[in-house]
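Just so we're on the same page: letters track the sequence lines, and every chain starts at 1.
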Amino acid sequence: DAGITQSPRHKVTETGTPVTLRCHQTENHRYMYWYRQDPGHGLRLIHYSYGVKDTDKGEVSDGYSVSRSKTEDFLLTLESATSSQTSVYFCAISVSGDNYGYTFGSGTRLTVV
Amino acid sequence: AQSVTQLDSQVPVFEEAPVELRCNYSSSVSVYLFWYVQYPNQGLQLLLKYLSGSTLVKGINGFEAEFNKSQTSFHLRKPSVHISDTAEYFCAVTPFYNTDKLIFGTGTRLQVFP
């Protein structure tokens, strides 16, 4: 997966608790993304980052925050988890130029009970 | 804004038969187009992409897609499928001027039967 590691791979948490998902990359890519995958919706962009401390909102950012204090790490935080945030979360990086494209991590399956 | 429509949520097909997975997009500007495959309990893997040049794009595992600008389509084809092609397939688009946001269709589940 082009050096992208997501942790944890699976998590069950209770409604109202904060949760942080981590994405780690080893290839110094500038752009990083968080998507969520839900049946019938495909993948939807939550937040993305274009550099250290530079982030922006995606299509479904409500209830989520992100941080990027180092190039290699992009954290997604659910401030107060709700059942509607039960989903599979994917981190991705993009490569520019002739090899332009996105590469995805293996995903984190989050269940909020 | 851009959008992607995958017209079929499920496509059942017998092994060794040809298959076409349909993808249409909407955009007022030029776009880059992608097909990704997701095997059960795995992440997304790039099958192929169209950035420019020849409108017929060949990808991995014997898949190909044709970009049709006039019909705003990017259909995925394989002449003979295998059981191992059973997976979910996603079409995605990004505008050429702002490649920060890859927009996905809702996916097509390809089920190959023996």
- [ ] Just jot down the salt bridge (Lys or Arg N to Asp or Glu O under 4.0 Å) partners of B:Lys78, sequence neighbours excluded, or say none.
- [x] B:Asp85

Task: B:Asn41 versus A:Arg109, closest heavy-atom pair with distance - done: OD1-NH2, 3.9 Å

Task: Criterion side-chain contact (heavy atoms from CB on, under 4.5 Å) on A:Glu59 and B:Ile103, from CA distance to verdict - done: CA-CA 10 Å; A:Glu59 177 187 358; B:Ile103 299 162; 6.0 Å; no

Task: Cluster overlap A:Leu76 with A:Val52, hydrophobic side-chain contacts below 4.5 Å - done: no

Open item on the list: Check for me whether the distance between the ring centres of A:Phe104 and B:Tyr36 falls short of 6.0 Å.
Closed with: yes

- [ ] Check each atom of B:Gln38 against the heavy atoms of chain A and say whether the ones under 4.5 Å are side chain, backbone, both or neither.
- [x] side chain

Task: chain B contact via A:Leu43 - side chain, backbone, both or neither, heavy atoms under 4.5 Å - done: both

Task: Engaged part of A:Gln37 at the chain B interface, taking heavy atoms whose separation is under 4.5 Å - done: side chain

- [ ] May I ask you to list the residues in residues 46-70 of chain B that approach chain A closer than 4.5 angstrom, counting heavy atoms only, ordered by number?
- [x] B:Lys49, B:Leu51

TODO: Report yes if the side chains of B:Leu102 and A:Tyr35 come closer than 4.5 Å at any heavy-atom pair, otherwise no.
DONE: yes

- [ ] Determine, using the 4.5 Å side-chain heavy-atom cutoff (strictly less than), whether B:Val31 and B:Phe104 are members of one ILVMFWY cluster.
- [x] no

Open item on the list: For the CD atom on B:Glu16, are there more than 12 heavy atoms of other groups (residues, nucleotides or ligands in this structure) within a distance under 6.0 Å?
Closed with: no

Task: Between A:Gly101, A:Gly107, A:Gly42, the one whose heavy-atom pairs under 4.5 Å with chain B are most numerous - done: A:Gly42

Task: A:Tyr50-A:Leu45 co-clustered via ILVMFWY side chain contacts under 4.5 Å - done: yes

Open item on the list: Keeping B:Tyr32 on the side-chain end and A:Tyr100 on the backbone end, is there a donor-acceptor pair under 3.5 Å?
Closed with: no

Task: Interchain contact, A:Arg44 with chain B, by part (heavy-atom threshold 4.5 Å) - done: neither

Task: A:Leu21-A:Leu75 co-clustered via ILVMFWY side chain contacts under 4.5 Å - done: no

Open item on the list: Quick check: is B:Val19 connected to B:Leu7 through a chain of hydrophobic side chains (ILVMFWY, heavy atoms under 4.5 Å apart)?
Closed with: no

